[in-house]
Amino acid sequence: MSPSATPTRRQIHPPPAPASLFPYHPGSLLSASDLTLPEISHILARATALENQDPLTRDRILAKRRVALLFYESSTRTRTSFELAAKGLGADTTLVSSLSSSIEKGETLKDTGLTLRALGAETIILRHNSSGAAWLLEAETRLPILNAGDGMHEHPTQALLDLRTILAHLDPATKARHPERDKGPVILSDRSAAQGVEGPASPAPTPPRIDQVTPETLSGVTVTIVGDILHSRVARSNMLLLPRLGARVLLCGPKELLPELAAQVGPGIEIERNFEAALRQSQVVMMLRIQAERLAGMQLDLEEYKANYQLTGPRLATQAPSAIVMHPGPIIRGLEVTAGVADGVQSVILEQVRNGVAIRMAVVERALLAANQQGARP
Amino acid sequence: MTALVIRGGHLIDPAAGVDGLKDILLKDGRVAEIAGPGKLKLTNGASGPDIQTIDATGLTVAPGLIDMHVHLREPGQGYKETIASGTAAAAAGGFTSVAAMPNTRPVNDSPEITRWMQAPEREAVVRVFPIAAATRGSKGEAINDFAALKSAGAVAVSDDGLPILKDSVMRETLAAAARVGLSVIQHAEDTRITHGSAWVASMNAGPTAFRLGLRGWPNEAESTIVERDIRLVQELRDARAHLHVAHISTAAALAAVRQARRNGLRVTCEVTPHHFLLTEEHVGLYSTNAKMCPPLRSAADRDAMLEAILDGVVDAIATDHAPHAVHEKEVEFENAPNGITGLETALGLSLRWLYNEGKLPLGRILSLLSAQPAALLNLKGRGTLTVGSFADVVVFDPKAEWTYNARQTRSKSRNTPFDGWAMQGKVRCTISEGRIAYVGG
C-alpha cells in the first residue's frame, strides 16, 4: 500500500447494478420492453389468427386451463377483454378483486398469489395500484404473470393493442412509395373509407395489414401522447414500445403532468408543449385521461387545461385532419376530448377496445403454452 | 479479574499516531499495557493461567469500530432486531460501540427508555449508546429535557427517521443541545417535498424513478434542510451548536457542509457504505433491499460521496443499520419499509473499495469508523487504544477476501443489497471492554 499517491474517486469503480433476472417465466408479460420484435410479430400474428378462428375450435386451445384475474383496481375494458380472451380460448377464469376477497382483510399480494397458485391457477393477470407489483408477484409465484397495469408504471397489453390499432391504419402502399425514413409523413388510410357509413358504436373490422414488425415499420410516423403522462402507465408502455418500431413519440402536456425528464425514458421520445404544434406533426393522437385519483393534492386548473389541451373538433380538423384519434379509456367526455371527437370519424377508440380481446387472446395463449413447455402446470 | 494479551499484531491507532507491531495487555476492561513485540511487562499481578492470549500474528489490531447510526428496534419491534441480536451483528462486523437511534416503539424520548436500553437485561455484547429523541415522540414540536437525557446516558439527540422541520424547533434544539454539550443529528429530508397527500416518495427523483413509475425524492429535499440548519448554526455560533448531518447522500448537501466547515462552523456529516457504493440503478426492478431513506442517488452523487470521503469532508462512515423482517420487505416497492442492514458489511466494503481500490490509507478508514465517531459523540476513552482507555478492540485480517452471506447473519433480519458481495478484511476477534464479543474464522 503506497500512501504517497493521492487517492481519487476515479480509482474506485463500484460494481454496476446486476442484470435483471426478470422475467423469470417465458410466458410472462411484465413490460412492453421485455418483448423482442419477433415476439411482438408473433403476438400480432396470433391475435389475427385467433380472431379469425372458428370460436368452436378456438375454445379447445386452452380448454379447462385455469386463468386467474387478480384486480386491485377497478377496470372495465382490461378486465372484461382479458376474461373474454381467456374464455374464448376455452380457459376457466376466476376473478379476485380487492374489495370482495381476503385482500380486504390484509392478505398480502404474495399470499394472495400463492393461494391462487395452490388453487390451480396457471397464470395470473394482475391489475394493481402499486408500480412494480407484477414483478413481485412473479418473483413470489414463479407463474407466468400478465401485467394488466401496475400503478403509474406499465400496461403492456394496452401498448400492444394500440400498436395493432395503429398498424391497421398504416397504409403499406403509401409506405412503399416512401421507403426511406424522414421522407415526409406516412399517410394513414382514409378513415371514412375504411369505416364506411357505420357509426363508431359498431366499428367495421379493420384487420391490421402488417403483422411482421421491424425497426422500420413505423418510421415516419409521429405518435403524440397528450395529457397526464406522469401518472400514465399507458404512456410509459407506448413510449417503450413504439420507438423500437421506428415511431417518433411526441409527448404533450403541462409541466405538472409532463416533467422534462419523461423524454429520457428511452430513445425516440420528444416533448412538444404546444398542442397545436404537436397535432400538426401527428399521424396518431393518443389522448389520456386526467387521473384525478392519482393527482393527490396537485393544483391543476381544469379550465386552463381544457383551453390548452382538450382535443376539440376544430382543433382536430385544422391541425390534424388525417390523423387517427386514440384513447385507452375511460374517456371523460368534455375534459380531454369533446364528445364530437370521441364519436367522430377520426376516432378509433372502440377499435382499440376490440383489438384488446384479440391481443389478450394471444398473450394468454403465449402464457399458458409457455407454462406447458416448462411443465409448470400443477 | 480477567486479562487478555494480544500478541504479534500490527496495531493501527490513528488517534494516538501508532502504526506498528505491538503487544497489548487488556485488564479489567481497560488497556493496561502496550509494548513492542515480546516486551510486555505484565505487571499488576496479571500472570500465568489468568491470562488468555490471542495470537494476532499477521493481523491488524485496531480500536473497536464505532457505528454512530444504527436502529436496534428495541423497545417495541423485537421481531426485526433486539439489542442482543443487533449488538451480536455489530460484534461480527468489528464494532464495539453502536449509537442507537430513538425511533423505537415507543420513541426513546425519556430517561427511562434511555436507561432501559443500556440495562444488563438487554444482553448487549457490545456497548450501546442511546441517541435520544430531540422532540417529544419525535413529532418535531416540543423539545425534550436534554440534561436529563444526557444524565441517563444519551450521547446525542435526533428525530432520525424524521426531520426536525420547523425552523423555530430546530433552532431551539440546537441551542438547548449545545447548552448540555450534545450534538444534534439531523435526518435531512423536507417531508413537505417527499410526502404527498396520498403517497410517499420511494426512490431518488430522476429518469429512473419516472421510468419505474415511482414517486421521486429530489436532492433539494435534503440539501435545503442542510442549508437551513447551517444558517441556524451560524446564528447560534456563539453557543457552539454542533450539527451532525446523518446519512448524507447528495453532492449539494456535501457542498453546503464543506462551505460551513470553511466558515469555521461545527457542522459534521456521516456517509453510509450504500451511499458511497450504490446508485439508484441498484433498485433494478423494484428490489426492496435497495429502498432506504434517503434513497440511493445518481452516479454523480455517489461519486461525490467517494470524493468527500477521500478528501476528508466526511467525518464518519456509519451504517444506518435498519433491520426489517423478511415479510415486511416482500411487498410492493412503494409499501416496503425503508432501510437495510449494514453492521456486518461496513468494514468489508470499506476495505474492499476505499482501501484496496481507492488506496485510502488503512488508518484513515479506521479513523472514519472509530476515532472520528468517538470524537463526534464525545465517547471518552474510546476510538483509541492507549493505556487507560477502554479495552475495545477489533482484530482483523485486512487482506482476507470473503463473500457476504446474508443467511448467516447474526442480525434477526437480512435485508441487505450486499448479499453475495465480495468483501475484504475479515474480523477475527472483537473485544468489548475486555470481553471477547466475537471470534470469527
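Basis for what follows: all heavy atoms, side chains included, without hydrogens, waters or symmetry-related copies. Just so we're on the same page: letters track the sequence lines, and every chain starts at 1.
Minimum interatomic distance between A:Q264 and B:P207 (heavy atoms only, all atoms of both residues): OE1-CG, 2.9 Å. The two residues A:L136 and B:V331 have their closest heavy-atom pair at CD2-C, 3.3 Å. Smallest separation of non-hydrogen atoms from B:H282 and A:P18: CD2-CD, 4.2 Å. Here the shortest heavy-atom pairing between A:S131 and B:G213 reads OG-O, 2.6 Å. Nearest heavy atoms, A:P14 versus B:W353: CA-CZ3, 3.7 Å. Residues A:S130 and B:N335 come closest through the heavy atom pair OG-ND2, 4.0 Å.
The greatest number of non-hydrogen atom pairs below 4.5 Å with chain B, out of A:L21, A:L240, A:L109, is found for A:L109. Contact count versus chain A (heavy atoms, under 4.5 Å) is highest, among B:L285, B:L349, B:L277, for B:L285. In terms of heavy-atom pairs under 4.5 Å with chain B, the best-connected choice from A:A262, A:A139, A:S20 is A:A262. With chain B as the partner, the residue from A:L261, A:V265, A:L30 showing the most heavy-atom pairs under 4.5 Å is A:L261.
Heavy-atom distances place no part of B:D311 under 4.5 Å from chain A, backbone and side chain included. There is no contact between A:E154 and chain B, counting heavy-atom distances below 4.5 Å. Both the backbone and the side chain of B:E281 come within contact range of chain A, judged by heavy atoms closer than 4.5 Å. Contacts of B:R302 with chain A are made by side-chain atoms alone, with heavy-atom separations under 4.5 Å and no backbone atom involved. Contacts between A:P259 and chain B at a heavy-atom distance below 4.5 Å involve the side chain alone, from C-beta outward.
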_Worked verdict on A:I12 versus B:L310 for side-chain contact (heavy atoms from CB on, under 4.5 Å)_ = CA-CA 11 Å; A:I12 308 176; B:L310 299 175; 4.3 Å; yes

*When you look at A:R236 and B:R211, which way does the side-chain contact (heavy atoms from CB on, under 4.5 Å) test go after all the steps?*
CA-CA 7 Å; A:R236 283 179 181 74; B:R211 182 169 46 77; 6.0 Å; no

*For the pair B:R215 and A:M152, evaluate side-chain contact (heavy atoms from CB on, under 4.5 Å) and give the outcome as yes or no after the intermediate values.*
CA-CA 9 Å; B:R215 306 280 185 170; A:M152 309 179 341; 3.7 Å; yes

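Interatomic distance, A:E140 CD to B:E330 CD, rounded to the nearest 0.5 Å: 4.5 Å. Taken from CZ in B:F210 to CD in A:E260, the straight-line distance is 11.0 Å, to the nearest 0.5 Å.
Every side-chain hydrogen bond (donor to acceptor under 3.5 Å, both in side chains) that B:D13 has, sequence neighbours left out, goes to B:T384. Annotation: ring-ring contact (aromatic ring centres under 6.0 Å, His included) contacts of B:Y286 (sequence neighbours excluded): A:W135, A:H153.
Looking at B:E332 and A:H128, their side chains do bring a donor and an acceptor atom within 3.5 Å of each other.
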